[in-house]
Amino acid sequence: MAFVTHQFIRKLSSTAVRNAAIKHVTIIGGGQMGAGIAQVAAATGHSVVLVDMSEDILKKSAKGIEGSLKRIVKKKFADKPEAGEEFIQKVMKNVSTSTDAAAVVSGTDLVLEAIVENLKVKQGLFGTLDKVAPEHTIFASNTSSLPIADIASSTARLDRFGGLHFFNPVPLMKLVEVIRTPTTSQATFDSLLDFSKALGKHPVSCKDTPGFIVNRLLVPYMMEAIRLHERGHGSKEDIDVAMKLGAGYPMGPFELLDYVGLDTAKFIIDGWHAMEPQNPLFDPSPMLNKLVEEGKFGKKTGEGFYKYK
């Protein structure tokens, strides 16, 4: 009987997901990614609640969103300043903030997490919100490297859980990787695809594998560039120039590593190596480890493979 009841509730939940468009979004994490997603969602008419731990962080997030909108308005409304100001006010009205995630999810259609890349922290967040969010609410993570299924395992809504991986800067980058786990329902997956399109993005379908599509190709490419340099087969400058002029890439691998953050690259490759230690693509790099140990993370610290001070 309990099994039948569970199946009936799950069927009702999937039906609700299928029949309702995502209109209200709760975004957890007011950093650059979370604020960028909030901006795009608000600009496309969605009601957004941006959540973080402190009011100071949220004030900074709101200021960042407004500043980004002003830059957009300067280009798109160059001849119509009043229309531009009206656009900014309209978008900002669609964004509210809160420091209490549990209190604001009661009326939301989608909870999208964009917090620190820590599995236990993400599991704790979703485990808590799962107890208070409505049955129809979809949960999604913006993780770039952690398995969606592992994050979802802390909840009882495995059929209503997926991944939405945006790219930085969110207002400019068109791609969204939409990730489905073996238990993600078709209704949930379709809703996430539709939501991505409603934001004006181009979604691609991904399986729940390490790095999805972009990072699964990009991270091993950057790591192989480091190994090439470690073997003495090319200077970092020559490797960067070769990939820009020979492959048409806008940035070389070392420039890109410094932009992404060497600590981030190390975190990703270490996690993948732990999952698949026999995969040579996921082997760690002594050179990368040394730079991170020295606190040289790239542009954000002023030095990585290159110096920026």
Side-chain angles (χ1 to χ4, degrees), residues 9-10 12-31 33-53 55 57-58 61-62 64-66 68-69 87-115 122 125-143 148 151-152 155-166 170-171 176 178-179 184-185 187-201 203:
I9 291 173
R10 178 171 173 172
L12 285 177
S13 300
S14 294
T15 301
V17 168
R18 184 170 62 251
N19 293 338
I22 294 172
K23 297 178 181 178
H24 188 287
V25 186
T26 298
I27 298 170
I28 314 295
M33 289 300 296
I37 299 167
Q39 175 185 324
V40 172
T44 49
H46 296 82
S47 177
V48 179
V49 180
L50 186 59
V51 180
D52 213 305
M53 294 183 294
E55 291 291 349
I57 293 173
L58 291 169
S61 301
I65 292 172
E66 189 168 0
S68 177
L69 289 171
F87 171 75
I88 292 173
Q89 292 178 4
K90 184 178 179 181
V91 174
M92 294 306 294
K93 282 182 180 179
N94 286 338
V95 182
S96 60
T97 60
S98 176
T99 56
D100 189 347
V104 299
V105 299
S106 60
T108 199
D109 301 315
L110 171 67
V111 175
L112 177 56
E113 163 272 314
I115 61 174
K122 292 179 189 289
L125 170 69
F126 281 119
T128 298
L129 298 183
D130 189 41
K131 297 178 177 64
V132 293
E135 283 290 328
H136 80 277
T137 302
I138 296 172
F139 284 1
S141 174
N142 182 58
T143 182
I148 299 296
I151 301 172
T155 76
R157 62 182 74 212
L158 302 183
D159 58 318
R160 285 152 286 151
F161 208 116
L164 284 174
H165 182 217
F166 291 80
V170 179
V176 177
V178 183
I179 304 102
T184 304
S185 72
T188 295
F189 186 68
D190 289 344
S191 290
L192 293 175
L193 284 174
D194 290 344
F195 174 67
S196 301
K197 292 174 184 176
L199 299 185
K201 301 300 184 184

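What you see is a predicted model, and the numbers here were worked out from it, not measured in a lab.
Checked for salt-bridge contact, Arg160 and Glu135 meet the test: a charged N lies under 4.0 Å from a carboxylate O.
Between Phe126 and Ala140, the shortest heavy-atom contact is CZ-O, 3.4 Å. Contact between Val104 and Ser98 at its shortest, heavy atoms only, is CG1-OG, 3.5 Å. Residues Val105 and Ala101 share a closest heavy-atom pair of CG1-O, 3.2 Å. Counting all heavy atoms, side chain and backbone alike, Pro171 lies closest to Ser68 at CG-OG, 4.1 Å. Nearest heavy atoms, Ala38 versus Leu50: CB-CD1, 4.2 Å.
Of the possible donor and acceptor atoms, none in the side chain of Ser141 sits under 3.5 Å from a partner among the backbone N and O of Gly163. Of the possible donor and acceptor atoms, one in the side chain of Thr188 sits under 3.5 Å from a partner among the backbone N and O of Asp159. Judged by distance alone, with hydrogens and angles left aside, the side-chain atoms of Asp52 form no donor-acceptor pair with the main-chain N or O of Leu58 at under 3.5 Å. Not a single donor-acceptor pair under 3.5 Å links the side chain of Asn142 to the backbone N or O of Gly34. In this structure, Ser191 contributes its side chain and Ala187 its backbone to a donor-acceptor pair below 3.5 Å. A donor-acceptor distance shorter than 3.5 angstrom exists from the side chain of Asn94 to the backbone of Ala42, with no hydrogens or angles considered.
Side-chain contact between Pro203 and Lys197 is present, with heavy atoms from C-beta onward closer than 4.5 Å. Under the 4.5 Å side-chain criterion, counting only non-hydrogen atoms from C-beta, Val40 is in contact with Lys201. The shortest side-chain heavy-atom distance between Phe166 and Leu199 falls under the 4.5 Å cut-off. Contact annotation: the side chain of Thr108 never approaches that of Val49 to less than 4.5 Å [non-hydrogen atoms, C-beta and beyond]. Phe161 has its side chain within reach of Ile151: a pair of non-hydrogen atoms, C-beta onward, lies under 4.5 Å apart. By the 4.5 Å heavy-atom criterion applied to side chains, Val178 and Leu164 are counted as neighbours. Looking at Met33 and Val170, their side chains come closer than 4.5 Å, going by heavy atoms from C-beta outward. Looking at heavy atoms from C-beta onward, Ile22 lies out of side-chain contact with Asp194 at the 4.5 angstrom threshold.
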- Task: Show the numbers, then the answer: is there a side-chain contact (heavy atoms from CB on, under 4.5 Å) between Thr143 and His165?
- Result: CA-CA 6 Å; Thr143 182; His165 182 217; over 6 Å; no
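To the nearest 0.5 Å, atoms CG (Leu158) and CD1 (Ile148) are separated by 12.5 Å. One distance of note links CD of Glu55 with OG of Ser61; it measures 10.5 Å at 0.5 Å rounding. In this structure, the separation between CZ on Phe139 and CD1 on Ile28 is 9.0 Å, given to the nearest 0.5 Å. Annotation: the span from Gln39 atom CD to Leu69 atom CG amounts to 4.5 Å, rounded to 0.5 Å. Rounded to the nearest 0.5 Å, atoms OG (Ser185) and CZ (Arg157) are 12.0 Å apart. The distance from atom NE2 of His46 to atom NE2 of His24, rounded to the nearest 0.5 Å, is 11.5 Å.
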